[in-house]
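In this text the structure is predicted, and so the values were computed from the model without any measurement. The chains referred to below are lettered A, B, ... by the order of the sequence lines, with proteins before strands, and numbering in each begins at 1.
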Amino acid sequence: MDILQLIVSGLANGCVYGLIALGFVLIYKATESVNFAQGDFMMLGAFITLGFTNADYMGLPFWLSCAMAIAIMGVLGYLLDLVVLRRMFGQSQVAVVILTIALGFVIRFVAGAIWGHEPQSLESPIAGVELRFGGLALGMDEIWVIIVTVLLTILLYFFFARTKLGVAMQASSQNQLAAYYMGIPVKRIHSMIWALSGIVATIAGILFASKGSIDPTAGLLGIKAFAAAVIGGFGSLPGALLGGLIVGLVEPFAARYMPAGYSQIFPYLILIIMLIVRPHGILSQIQTKKV
Amino acid sequence: MKQDTNAPLLKVDNLESFYGPIMAIRGVSLEVKEGQIVTVLGANGAGKTTLLKTISGVMDPEKGTVRLQGSEIQGSAPDAVVNRGVVHVPEGREIFPILTVEENLKMGAYTRSDHAQIAADMELVYDYFPILKERRTQEAGTLSGGQQQMLAIGRGLMTKPRIMLLDEPSLGLSPLLVGEIFTIIRRLNEEQNVTMMLVEQNAKVALEVAHYGYVLELGRIVMSGEAKKLQQSKDIQEFYLGAQQESQRGQRRWKQRKTWR
Amino acid sequence: QTQGVTDTEILIGSNNDLSGPFAAFGAPAIGAAKQYFDEVNAAGGVHGRQLKLVAEDHAYQMPKAMQNINKLVNSDEVFVMLLSLGTPMNIASFPLLERKGIANISPLTSARQMLEPPAPYKFAGFSSYYDQMKAGVNYLKENNDRKVFCAMFLPTDFGKEIQEGTKDGATELGLEYKAETTHKPDEQDFVGSLTKLKDEGCDAIATALTVRQTITVLGTAKKIGWDDVDFIGSAAAFHTAIAKVPNGITEGFYAAAGWPDLNTRLDDPYVAKWVEDYTAEFGEAPSTGAVLGRSAAENLVMALEAAGPDLTAESFLKAMEGLDYIDRITGVKTDYSTTDHQGGDAIIISKIEGGDWQVKGQK
Amino acid sequence: MSLLELSNVTLRFGGLVAVNDVSFNVEEGEVFALVGPNGAGKSTIFNMISRFYTPAEGDILFEGKSILEKEAHEIPSMGIARTFQNIELFEQASVLQNLLVGRHTHRRSNFVADMVFTPFVRSEERAHREAVEHVIDFLDLQPYREKFIAGLPYGVRKVVEMGRALAIKPKLLLLDEPASGLSVEETQDVAFWIEDIKKVMGITVLMVEHDMHLVGAVSDRVMALADGRMLAIGSPQEVQNDPAVIEAYLGSDGMTDDGEAA
Amino acid sequence: MRIVFKTSYDADIRLFKHNAQAFWYLLLFAFAILLPFLVSDFLIGEATLVLIWAICGMGLMLLVGQTGQASLGHAAFMAVGAYSNVIYQLNFNMPFLLSFPLAGLTAGVAGALVALPTTRLHGIYLAIATLAISVLTEDIIIILEPITGGIAGIFAPDIEIFGYTFNRYGNPVELYWLVLAITFIVIYAYRNILRSPTGRAFAAVRDSEVSAKAMGVNVARTKMVAFAISCTITGLGGALMGHFATVFTNETFNLIISITLLLIIVVGGLGTIHGAFFGSIVFVMLPLMISLTRDAVGSLTGSGSITIPGLESGIFGAILIGFILFEPMGLYGRWLKIRTYFELFPFYRKDMFRRQKSYLKTERTR
Ligand SMILES: Nc1ncnc2c1ncn2[C@@H]1O[C@H](COP(=O)(O)OP(=O)(O)OP(=O)(O)O)[C@@H](O)[C@H]1O
Ligand SMILES: Nc1ncnc2c1ncn2[C@@H]1O[C@H](COP(=O)(O)OP(=O)(O)OP(=O)(O)O)[C@@H](O)[C@H]1O
Ligand SMILES: [Mg+2]
Ligand SMILES: [Mg+2]
């Protein structure tokens with residue numbers, strides 16, 4: 001029973017990582033850059049929802065707030081690319097990485113200025129509701145996280161694998177010049193993917209905030225999600241989920257069975273070991289160059 | 001779409017392009033008439049690739065105009081240029097390495113939505129290059145050099161262009177295929193009225209298929225004329241067709257070299 | 001001429017975390033202090049001098065903190081340091097403060113090093129985490145008959161203090177200190193740690209986690225149906241946000257701190273007025289950080305008043321050591337002397353009941 | 001003993017047999033050409049010799065010793081240098097620096113000495129530079145000496161690649177399509193260079209080339225491949241007139257075309 | 001544009017391209033040495049910090065800029081340098097002159113050990129592995145509490161050289177000169193690497209691993225050497241940072257510090273020594289400027305002081321975005337353009353430095 005409980009909550013926990021990791025992978029898949037502000041996007045999305053729905057603020061119905069927050073973050077993502085990132089088109093990835101790190105500073109400041117620096121709880125109908133199956137306890141929030149993450153992963157996977165737009169997104173990350181030669185509007189595609197990742201980040205944020213609480217530094221969680229995406233094979237959507245689940249599962253088991261002082265290092269230890277065994281992640285996205 | 005057959009489909013005027021401080025083309029003017037095959041000859045580094053890149057919008061010119069059916073397109077985004085029916089088959093096989101061969105070809109048809117016709121065109125490409133059909137699901141990055149070149153050309157065909165800019169299409173192809181490529185070019189031109197602008201090191205074949213030719217040297221057009229006439233030109237024969245006398249060759253070979261110390 | 005003091009102005013420095021992991025404490029504290037100084041300034045200042053607060057943000061990063069200290073002390077030339085956050089950051093500033101004779105008032109950390117080894121320039125507002133936890137252990141033994149103590153902590157100086165306080169508290173009382181778990185600040189899931197502690201038979205758990213994590217821990221314990229256990233935090237967990245979590249998830253959580261929650265003091269008109277003013281200016285009710293900021297600012301102003309118009313480092317220290325009053329915000333008796341640089345010695349045990357912190361015991 | 005011997009070499013990519021039971025020898029001092037349709041497995045053979053790929057079956061001997069237990073980076077110091085079909089230069093460096101990397105196998109200093117820049121390092125550097133200057137002279141690269149690769153025309157890059165391989169001072173030089181993308185004039189230069197490489201420098205050359213003029217002009221022996229299998233081997237004329245080669249590779253056009261060239 | 005006539009092979013090997021360049025650099029060095037006579041102790045403290053960050057930055061630059069290996073964990077090697085330096089002094093009674101180079105060496109060995117299993121990793125995969133190692137380092141410091149002081153931290157004694165002590169508050173100017181001297185040594189070693197086979201091997205691995213192998217460069221070994229040298233330099237910087245901070249704990253050298261280092265080298269200009277300096281100047285001076293501006297605005301508006309939480313870091317982020325947008329190649333890239341402008345004067349074109357459209361290709365094939 002113990003173990004089952006650990007597995008179930010590990011899975012739910014891992015899905016949160018996976019959900020944030022999806023946002024990383026989306027951007028990477030279409031632009032091949034890494035958005036270090038992804039965690040902050042999540043935080044911002046959660047705060048926007050909270051601003052709409054919490055009684056202290058606007059007190060709107062929860063689901064309406066979610067929809068509005070998702071829409072706002074989508075537009076914000078699009079505009080961000082249009083106004084800022086587009087000017088970096090074709091520049092080295094590492095410059096984009098630094099840019100997103102700096103963007104994180106700004107987002108955290110803005111969130112702090114609007115909603116304050118203290119943790120707040122999202123007044124969400126899915127928080128604090130528990131379902132029991134025998135001795136197994138499962139939060140409503142956890143069930144939601146698992147369902148939404150799995151659905152989103154499948155949806156996005158087929159979007160990239162099957163639809164013309166999805167393949168075009170992959171194409172424009174692999175060779176921007178060639179994508180242009182084919183008439184793919186690469187820049188617009190970038191904006192679209194930033195919008196999409198804003199949306200995914202908001203969904204992650206809502207579920208995350210429902211599981212606990214949110215403050216402006218909550219985005220730092222993004223780093224662990226990033227690591228999860230990398231061990232899954234950066235660029236692979238199922239990989240992101242897989243990586244998230246691994247990290248999510250290692251955590252409770254290490255905490256349960258490892259001595260204090262060592263347990264918290266296990267996720268990172270596993271990470272290193274996995275990378276040594278599979279240098280390009282579990283579902284490797286790296287192709288050896290043919291010469 | 002009625003067109004004045006004499007008005008050029010593509011007209012380039014006084015075009016200048018730079019790489020940072022380096023001027024790569026220096027005031028090039030040329031025109032391509034509808035339904036023609038025009039070839040641009042020139043030595044290495046003459047600026048042929050730069051010229052094509054500037055036309056297709058992946059480079060912005062510093063000066064000059066590019067007119068497609070009379071409207072200026074210089075400096076516009078490359079995808080907009082493709083949407084107007086100009087496709088550029090680039091030098092050096094810019095394929096999508098982690099997509100399959102079939103996905104690569106599908107991307108060629110990105111701007112189109114006539115599904116039935118796309119499928120038919122795909123079959124046509126497979127017909128031209130059977131090896132691509134065989135390797136439909138292979139990741140394009142693992143194809144051999146020549147196979148990648150076939151894919152690049154095939155992908156260009158999938159856009160159903162009105163005008164094709166071909167940059168060294170025969171690069172790395174076997175002699176058998178070089179012959180085929182030029183047959184395909186001629187057929188497309190004759191049967192589907194696709195206009196072509198062709199850059200080739202293999203000047204001999206290029207002049208054979210082309211109607212008209214330009215010679216680009218150090219970023220300037222130095223000669224132009226009907227392909228037939230160019231073929232006869234002594235200079236062209238000497239510098240581009242390799243018809244030199246042995247003695248000259250020998251001289252070149254033993255020419256005094258300065259040594260740098 | 002005393003550094004940071006002119007005829008019209010007194011410069012007060014603070015090396016704080018205003019955007020990093022502890023901004024939830026630093027930001028409101030600075031806000032509240034600034035608000036109080038503005039009030040004092042509007043009323044003519046202290047002995048005709050306006051109070052000017054320069055707060056630098058180190059975001060809990062050591063190199064940035066060093067830079068800030070250099071600026072505050074060597075460039076701005078502040079007279080006194082107030083509410084500086086972070087144990088290592090404070091410790092690193094001590095050599096320079098000592099050299100320049102600058103007092104360090106009410107740092108935002110309850111680590112023992114803020115007073116140890118004793119030095120003339122070191123002052124602390126409230127009791128240490130260590131003492132708080134010892135008192136907390138004692139309370140849970142006396143009132144709830146808890147016997148097996150455990151701890152969940154971040155491996156930081158703060159976590160270590162709480163772990164040691166719990167451990168020493170338990171052993172001194174002849175109780176068992178059974179198990180502990182360590183965590184990272186970005187850890188989200190505590191099912192593993194809690195099942196472990198449950199297995200070990202813990203019946204009281206001291207926590208030294210971030211505010212967000214504390215909430216998750218309490219929720220998780222409820223979820224796995226573990227209700228015959230008490231959780232107790234320190235001043236760092238004595239936070240309004242924890243009490244305000246919806247659906248009663250955090251009900252029953254204890255905190256041992258140097259002051260009572262503001263809610264229990266609202267019948268005092270002075271406190272009520274302040275809560276109103278603060279809420280008006282910052283758009284949110286004062287939280288723990290704000291309480292600390294306000295009470296430290298009042299403390300400082302009182303000392304400056306007492307030091308008289310001839311303000312020097314010596315006169316200020318003397319005034320500080322002579323302070324003895326009931327803090328108007330927290331109601332805690334505050335006194336300093338030449339041998340006692342800890343203002344409030346009280347330790348108050350509070351518990352979340354009905355979405356608010358209620359005072360349960362006092363030492 | 002031949003300089004290079006491939007015996008019954010096979011390589012598969014998944015189900016695809018890229019090289020199928022191929023055997024041939026390259027004798028010291030000759031120019032040996034590999035020809036064949038696209039995808040025949042020519043570059044794959046090069047990749048096996050330079051140890052980027054490991055054959056599934058068969059052995060590769062260089063100077064009588066198997067090179068299969070060597071790693072890719074140990075191959076150049078044995079005396080095998082190569083160029084790449086798609087040009088793999090160090091883009092962010094000058095021509096000179098690219099060639100100097102070719103001298104890496106001749107380096108005797110270590111990184112500690114380099115950091116201090118001892119007199120020994122300095123004198124070694126001078127020697128490297130001298131060797132590289134000879135290559136630059138040989139290939140007429142003076143005008144591009146200080147230029148960054150990123151801005152060079154295709155043809156010059158091909159030459160730089162050849163220079164970089166020559167800087168290794170190998171015994172065996174592998175050239176993968178040295179003349180593709182070059183004009184007629186430049187192709188003639190390449191022909192002369194290959195001749196000099198063989199005669200003056202005494203380097204054995206194994207090359208892949210589609211330009212049958214060049215193959216006919218410089219090679220001593222030619223082997224034709226198709227679908228990973230050997231089609232024919234012999235003198236250039238023999239191979240060019242082999243019906244199987246004409247059918248699979250040259251086409252009827254090709255024959256007349258290259259017949260006159262040969 | 002200056003044209004250099006090269007008359008011997010040594011022309012390419014020289015430290016400076018030509019005499020005028022040598023002149024300008026020597027002038028700059030002289031200025032650096034004389035700085036304490038020009039500015040206050042406060043600014044000298046900041047200048048010392050700039051130098052220390054620049055040393056650490058040069059370490060990372062060698063790895064990222066020269067060898068193309070990403071690291072998100074270089075703070076760990078600062079930690080190794082800082083801890084081992086102090087431990088050698090306290091526990092083994094070593095003088096600074098011995099403990100300091102040994103600390104660098106220790107960090108270098110640690111770097112090589114890290115490189116050993118990770119040479120097969122590339123790009124972000126390597127970045128994440130180093131990040132994980134950096135997180136582990138924090139815990140290792142706690143586990144090694146008996147020698148590291150664990151959570152309580154460790155106090156760095158004053159630097160002492162032949163009985164002469166250096167303290168950041170006692171004699172900041174002397175400390176500055178000491179750090180400056182160390183900076184010079186690091187720069188010299190760095191330059192030597194760049195002009196020697198080691199540097200070329202680094203660049204080869206960065207630009208194309210395939211052809212580096214084909215040229216006989218042992219890629220794994222080269223990466224290891226790069227890690228070792230890089231971590232040695234960063235470790236030296238960390239040791240100085242330790243003395244500068246006077247106390248440090250397991251939390252001092254954290255992920256944010258690693259990110260800061262990355263920020264420094266990218267904003268400064270990847271791949272150049274200058275970049276490390278430009279970057280650390282920005283990183284140290286920009287927040288200071290923001291604070292001072294804030295204070296000045298506060299005084300002007302009469303509101304006394306401005307205390308908006310997080311304002312400084314928000315503005316810092318915004319300005320950083322501006323820097324990157326303005327010059328993605330880093331400040332050194334911009335400096336080169338300005339220099340070319342003057343060298344070409346008056347033969348420049350108005351938009352010579354306008355960015356041409358540029359396009360990226362995947363780095364997923366290698
Ligand atoms: N990225 C670049 N940066 C700087 N200069 C460049 C760049 N690309 C090309 N050039 C220069 O521009 C000029 C024209 O180059 P271009 O590639 O157009 O020549 P080309 O005629 O296509 O040659 P090739 O036959 O080799 O393909 C050359 O002198 C070349 O050095
Ligand atoms: N990594 C790989 N994975 C799968 N197939 C591969 C891989 N590398 C090569 N191939 C296949 O192996 C065959 C041989 O390729 P190779 O590159 O050797 O051809 P080639 O003879 O050099 O042709 P070309 O003249 O076109 O360069 C091709 O069909 C190619 O598609
Ligand atoms: Mg070209
Ligand atoms: Mg090949």
Side-chain angles (χ1 to χ4, degrees), chain A residues 28 31-32 34 36 84 87-99 101-110 112-113 117 173-180 186 216 223 226-227 230-231 234-235 261-262 264-265 267-269 271-272 275-276 279-281 285-291, chain E residues 64 70 117-118 120-129 131-133 135-136 138-140 142-143 208-211 214 255 259 262-263 265-267 270 308-325 328-330 355-366:
Chain A
Y28 185 77
T31 71
E32 222 170 81
V34 180
F36 264 78
V84 180
R87 306 191 42 186
M88 297 288 291
F89 186 84
Q91 301 298 330
S92 75
Q93 317 286 14
V94 60
V96 179
V97 166
I98 298 295
L99 190 86
I101 291 176
L103 196 64
F105 283 114
V106 178
I107 295 178
R108 283 197 289 278
F109 164 65
V110 170
H117 290 267
S173 77
Q174 291 174 21
N175 190 334
Q176 292 179 344
L177 184 59
Y180 263 138
V186 182
I223 291 173
F226 176 47
V230 170
I231 52 173
F234 208 54
Y262 296 86
Q264 82 276 14
I265 65 181
Y268 295 92
L269 213 56
L271 212 149
I272 295 176
L275 283 179
I276 291 171
H280 297 134
Q285 299 292 300
I286 303 272
Q287 186 195 62
T288 29
K289 190 168 189 172
K290 175 171 185 314
V291 286
Chain E
V64 180
T118 55
R120 282 164 67 213
L121 303 182
H122 300 277
I124 35 177
Y125 297 89
L126 182 60
I128 285 299
L131 180 143
I133 283 162
V135 174
L136 290 183
E138 289 182 34
D139 295 289
I140 292 171
I142 301 175
I143 292 167
S208 164
E209 277 190 25
V210 179
S211 44
L255 177 62
I259 290 179
L262 196 65
L263 222 130
I265 61 172
V266 175
V267 170
L270 215 50
I308 301 172
L311 177 69
E312 295 86 351
S313 70
I315 293 180
F316 178 72
I319 294 181
L320 216 57
I321 292 176
F323 268 120
I324 298 279
L325 287 181
M329 306 291 286
R355 265 183 246 162
Q356 253 299 344
K357 288 178 183 167
S358 53
Y359 306 91
L360 288 181
K361 269 191 201 165
T362 183
E363 284 170 13
R364 274 178 280 166
T365 56
R366 47 172 72 252

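- Shown here for Gly235(A) and Tyr28(A), the closest heavy-atom pair between the two residues is CA-CD2, 3.7 Å.
- At a 4.5 Å heavy-atom cutoff, the contact between Ile143(E) and chain A is made by side-chain atoms alone.
- In this structure, chain A has heavy atoms under 4.5 Å from both the backbone and the side chain of Leu311(E).
- Residues Phe234(A) and Tyr125(E) approach most closely at N-OH, 2.9 Å, considering heavy atoms.
- Heavy-atom pairs under 4.5 Å with chain E were tallied for Val97(A), Ile107(A), Thr288(A), Thr31(A); the largest tally goes to Thr288(A).
- The greatest number of non-hydrogen atom pairs below 4.5 Å with chain A, out of Ala318(E), Ala132(E), Ser211(E), is found for Ala132(E).
- Both the backbone and the side chain of Ile286(A) come within contact range of chain E, judged by heavy atoms closer than 4.5 Å.
- Formation of a donor-acceptor pair under 3.5 Å by the Gln176(A) side chain with backbone atoms of Leu360(E) is found in this model.
- Gln93(A) is linked by a side chain to side chain donor-acceptor pair (under 3.5 Å) to nothing, counting only residues two or more places apart in sequence or in another chain.
- Contact count against chain A (heavy-atom pairs under 4.5 Å) is highest for Ile133(E) among Ile308(E), Ile133(E), Thr118(E), Val64(E).
- Taking each heavy atom of Gly317(E) and Val106(A) in turn, the nearest pair found is C-CG2, 3.8 Å.
- The parts of His280(A) that come within reach of chain E are both its backbone and its side chain, each placing non-hydrogen atoms under 4.5 angstrom from that chain.
- Contacts between Val110(A) and chain E at a heavy-atom distance below 4.5 Å are absent for every atom of the residue.
- Using modelled atom types, one side-chain atom of Glu32(A) and one backbone atom of Glu363(E) make a donor-acceptor pair closer than 3.5 Å.
- Proximity to chain A (any heavy atom under 4.5 Å) is restricted, for Ile259(E), to the side chain, taken from C-beta onward.
- In terms of heavy-atom pairs under 4.5 Å with chain A, the best-connected choice from Phe316(E), Tyr359(E), Phe323(E) is Tyr359(E).
- The greatest number of non-hydrogen atom pairs below 4.5 Å with chain E, out of Val84(A), Val186(A), Val34(A), is found for Val84(A).
- With rounding to the nearest 0.5 angstrom, the CZ atom of Arg108(A) is 10.0 Å from the CG atom of Leu103(A).
- Each of Ile140(E), Ile315(E), Leu136(E), Ile142(E) has some count of heavy-atom pairs under 4.5 Å with chain A, and the biggest count is that of Leu136(E).
- A distance of 13.0 Å separates CD1 of Ile319(E) from CD1 of Ile324(E), quoted to the nearest 0.5 Å.
- Proximity to chain E (any heavy atom under 4.5 Å) is restricted, for Ile101(A), to the side chain, taken from C-beta onward.
- For Gln264(A), the side chain to side chain donor-acceptor pair (under 3.5 Å) test picks out Thr182(C), Asp139(E), with sequence neighbours left out.
- Contact of Val230(A) with chain E is made through backbone and side chain together, with heavy-atom distances under 4.5 Å.
- With respect to chain E, the highest number of heavy-atom pairs below 4.5 Å among Pro267(A), Gly261(A), Ala178(A), Ser173(A) belongs to Ser173(A).
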request  = Please report the C-alpha distance between Val267(E) and Leu320(E) in whole Å, then the side-chain angles of each, then the deciding distance to 0.1 Å, and finally whether the side-chain contact (heavy atoms from CB on, under 4.5 Å) criterion is met.
outcome  = CA-CA 8 Å; Val267(E) 170; Leu320(E) 216 57; 4.1 Å; yes
